[in-house]
Amino acid sequence: MKRSTVVSGTAALAVTERGTPTTDNETIVMVHGWPDRSDLWDPVAERLADAARGPGHHVVTFDTRGVGHSLPATVHQPYTLDKLASDIDTVIGASSPDRRVHLVGHDWGGVIGWEYVSTDRCTTKLKSFTTVSGPNLDHTGEAMRSSPQAAVRQGCKSLYTLVLSIPIVRTVLWRLGLAPLFRHWLKLTEGIDPSGGYPGPGLVADAIAAVPLYRSNIPRKVAAPEPRRARVPVHQIVATKDFYVSPSVLACSEQYVDEFTRSEVIAGHWSPRTHPEGVADLIAYAVAAHHNTSAHRPTLTATTRIPEESTT
């Protein structure tokens, strides 16, 4: 395992690499969401990099700006999607300068990934994009404006974002003890036992640091969406028991993608932690489908289902 720091503008990003790039494998760059750091991906990344399970991919994870071991950016509005997409571009350039990679994002990592794959510069850096419970805010905003029913359904799931968009309130809540309640909620709804070390002791600091994501992006995208087409193939993993992102909101992105596949995992929002085997398999299938030298390129059907795993 290799650890390094990559400078992106005024932010310093803590990067972890598993495995080494070879002619027989692929590079996979994984982006976490909120209120996580890159260790969200550890169980999935370890499986993808394990040579005993397949080609042993070169897997890159990083803490987003201001979270975990990464330092924040000292610029105005550092958490707008365009700046976060630039961080992805910088990490790819540093970790895989000579070949295109596969991008994977969960939650806000998926949201940021959608922003990146909507830009022309991604075409020279990416082979594919897999989003796990991560909607495109422009597509969602457009769908909500055209369908009152969709707006009501997703609005009910997203009421918490209103609280997270109020600067003083969101900080006070976390400092007054929201972390234990959040850990209890994860155990109750997702079966994630906090005694296993996730979420880690940095939960409060990470949550407060990155929560401006909501205020910096959601109001603007809902009020004035700018839907754009994805420039690369997109694989969408839908968690069927997700409390926060409805399948209909995710489905609205298909019309903006030329090469689109959808898979389902019978899990909640934090599927990379509760169902790492299934999520890793779905990512591996999507990667193999775009592997230049693969003798066998599996084809994902319109909906490929991964059964429910037991959680511990």
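Because the structure is predicted, anything quoted here is derived from the model rather than measured. Just the heavy atoms: all of them, side chains too, but no hydrogens, waters or symmetry mates, feed the values below.
Distance check: Glu142 CD to Cys252 SG gives 9.5 Å after rounding to the nearest 0.5 Å. The distance from atom OG1 of Thr119 to atom CZ of Arg231, rounded to the nearest 0.5 Å, is 7.0 Å. With rounding to the nearest 0.5 angstrom, the CG atom of Asp242 is 8.0 Å from the OG atom of Ser271. Summarising the geometry, atom CG belonging to Leu103 is positioned 10.5 Å from atom CD1 belonging to Ile28; distances are rounded to the nearest 0.5 Å. We find the NE2-CD1 distance between His235 and Ile237 to be 4.5 Å, quoted to the nearest 0.5 Å. In this structure, OG1 in Thr130 is found 13.0 Å from NE2 in His106, a value given to the nearest 0.5 Å.
Donor-acceptor pairing under 3.5 Å is lacking for the side chains of Ser133 and Asp107. Of the N and O atoms on the side chains of His290 and Glu259, at least one donor lies less than 3.5 Å from an acceptor on the other residue.
Side-chain contact between Val101 and Glu26 is absent, with no heavy-atom pair separated by less than 4.5 Å. Counting heavy atoms from C-beta outward, Val104 and Trp41 have side chains that approach closer than 4.5 Å. When side chains are defined from C-beta on, Pro35 does not count as touching Val211, because their heavy atoms never get closer than 4.5 Å. Side-chain contact between Ile283 and Met30 is present, with at least one heavy-atom pair separated by less than 4.5 Å. Inter-residue side-chain proximity for Ile88 and Val31 is flagged as met; some heavy-atom pair is nearer than 4.5 Å. Residues Leu13 and Thr64 are not in side-chain contact: their nearest non-hydrogen atoms beyond the backbone lie 4.5 Å or more apart. Looking at heavy atoms from C-beta onward, Ser118 lies out of side-chain contact with Arg229 at the 4.5 angstrom threshold. At a threshold of 4.5 Å between non-hydrogen side-chain atoms, the residues Thr16 and Arg18 count as touching.
Without hydrogens or angle criteria, Thr189 side chain to Trp185 main chain gives a donor-acceptor distance under 3.5 Å. Within the 3.5 Å criterion, the main-chain N or O of His69 finds a donor-acceptor partner in the side chain of Asp63. Between the side chain of Lys83 and the backbone N or O of Gln77, at least one donor-acceptor pair lies under 3.5 Å. The main-chain N or O of Asp42 is never found under 3.5 Å from a side-chain atom of Asp39 such that the two would form a donor-acceptor pair. The closest donor-acceptor contact from the side chain of Thr5 to the backbone of Ala12 lies at 3.5 Å or more, if one exists at all. A donor-acceptor pair is defined here as one N or O able to donate and one able to accept, closer than 3.5 Å; such a pair exists between the side chain of His32 and the backbone of Asp36. Not a single donor-acceptor pair under 3.5 Å links the side chain of Ser38 to the backbone N or O of Thr61. A side-chain donor-acceptor contact under 3.5 Å links Asn25 to the backbone of Thr20. Of the possible donor and acceptor atoms, one in the side chain of Thr90 sits under 3.5 Å from a partner among the backbone N and O of Ser86. Judged by distance alone, the side chain of Asn217 and the main-chain N or O of Leu213 form a donor-acceptor pair under 3.5 Å.
The hydrophobic cluster containing Val67 does not contain Leu178, counting ILVMFWY residues as joined when their side-chain heavy atoms lie under 4.5 angstrom apart, directly or transitively. In terms of hydrophobic clustering, with Ile, Leu, Val, Met, Phe, Trp and Tyr side chains grouped at heavy-atom distances under 4.5 Å, Tyr244 and Leu173 are assigned to a common cluster. Hydrophobic clustering of Ile, Leu, Val, Met, Phe, Trp and Tyr side chains at less than 4.5 Å, counting indirect connections, unites Leu181 with Leu186. Using a 4.5 Å cut-off between side-chain heavy atoms of Ile, Leu, Val, Met, Phe, Trp and Tyr, with links allowed through other members, Val7 and Phe62 fall into different hydrophobic clusters. Note: the hydrophobic cluster containing Val6 does not contain Met1 (ILVMFWY, side chain heavy atoms under 4.5 Å, direct or indirect links).
The six-membered or imidazole ring of Trp270 lies near that of Phe182, with a centre-to-centre distance under 6.0 Å. For His57 and His102, the ring centers sit 6.0 Å or farther from each other.
Taking the salt bridge (Lys or Arg N to Asp or Glu O under 4.0 Å) definition, one finds that Arg3 meets it with nothing, sequence neighbours left out. Evaluation of the ring pair (Phe, Tyr, Trp, His ring centres under 6.0 Å) rule for His139 yields Trp114, Tyr256 as partners, not counting sequence neighbours. Residues passing the side-chain contact (heavy atoms from CB on, under 4.5 Å) test with Ala179 are Trp174, Arg183, Leu203, Val204, sequence neighbours excluded.
Nearest heavy atoms, Ala85 versus Ile112: N-CG2, 3.8 Å. The two residues Gly134 and Thr131 come nearest to each other via the heavy atoms O-OG1, 2.7 Å. In terms of heavy atoms, Ala45 sits closest to Val59 at CB-CG1, 3.7 Å. Residues Val257 and Ser253 share a closest heavy-atom pair of CG2-O, 3.5 Å.
Sparse packing is recorded around CZ of Arg175, with 12 or fewer heavy atoms of other residues, nucleotides or ligands lying under 6.0 Å away. Counting non-hydrogen atoms of other residues, nucleotides and ligands closer than 6.0 Å to CD of Glu226 gives a total of 12 or fewer.
The residues Arg37 and Asp206 are annotated as salt-bridged, a charged nitrogen and a carboxylate oxygen being separated by less than 4.0 angstrom. Using a 4.0 Å cut-off between charged nitrogen and carboxylate oxygen, Glu277 and Arg47 count as a salt-bridge pair. Electrostatic pairing of Glu46 and Arg53 does not count as a salt bridge here, judged by no charged N lying under 4.0 Å from a carboxylate O.
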- prompt: Could you walk me through whether Lys127 and Val232 pass the side-chain contact (heavy atoms from CB on, under 4.5 Å) check?
  reply: CA-CA 7 Å; Lys127 289 184 177 181; Val232 297; over 6 Å; no
field: Chi angles and distances behind the salt bridge (Lys or Arg N to Asp or Glu O under 4.0 Å) call for Asp138, Arg220
entry: CA-CA 9 Å; Asp138 287 303; Arg220 177 171 56 88; over 6 Å; no
- request: Could you please spell out the steps behind the side-chain hydrogen bond (donor to acceptor under 3.5 Å, both in side chains) verdict for Thr22 and Asp24?
  value: CA-CA 5 Å; Thr22 70; Asp24 296 323; 4.9 Å; no
task: For side-chain contact (heavy atoms from CB on, under 4.5 Å), just list the numbers for Asp87 and Arg65, CA-CA rounded to whole Å, side-chain angles, deciding distance to a tenth of an Å, and then say yes or no.
output: CA-CA 8 Å; Asp87 290 347; Arg65 53 175 58 194; 2.7 Å; yes
task: List the steps, then state whether salt bridge (Lys or Arg N to Asp or Glu O under 4.0 Å) holds for Arg273 with Glu190.
output: CA-CA 9 Å; Arg273 273 284 166 172; Glu190 307 262 349; over 6 Å; no
task: Starting from the C-alpha separation in whole Å, work towards a yes-or-no answer on side-chain contact (heavy atoms from CB on, under 4.5 Å) for Val265 and Val132.
output: CA-CA 10 Å; Val265 58; Val132 186; 5.8 Å; no
message: Is there a side-chain contact (heavy atoms from CB on, under 4.5 Å) between Leu126 and Arg100? Walk through the geometry before answering.
response: CA-CA 5 Å; Leu126 295 184; Arg100 292 184 298 154; 5.7 Å; no
- request: Show your working on side-chain hydrogen bond (donor to acceptor under 3.5 Å, both in side chains) between Thr27 and Arg99 and close with a plain yes or no.
  value: CA-CA 8 Å; Thr27 294; Arg99 68 175 184 175; 3.1 Å; yes
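The only option from Tyr79, Tyr214, Trp34 that meets the ring pair (Phe, Tyr, Trp, His ring centres under 6.0 Å) definition with Trp108 turns out to be Tyr214.
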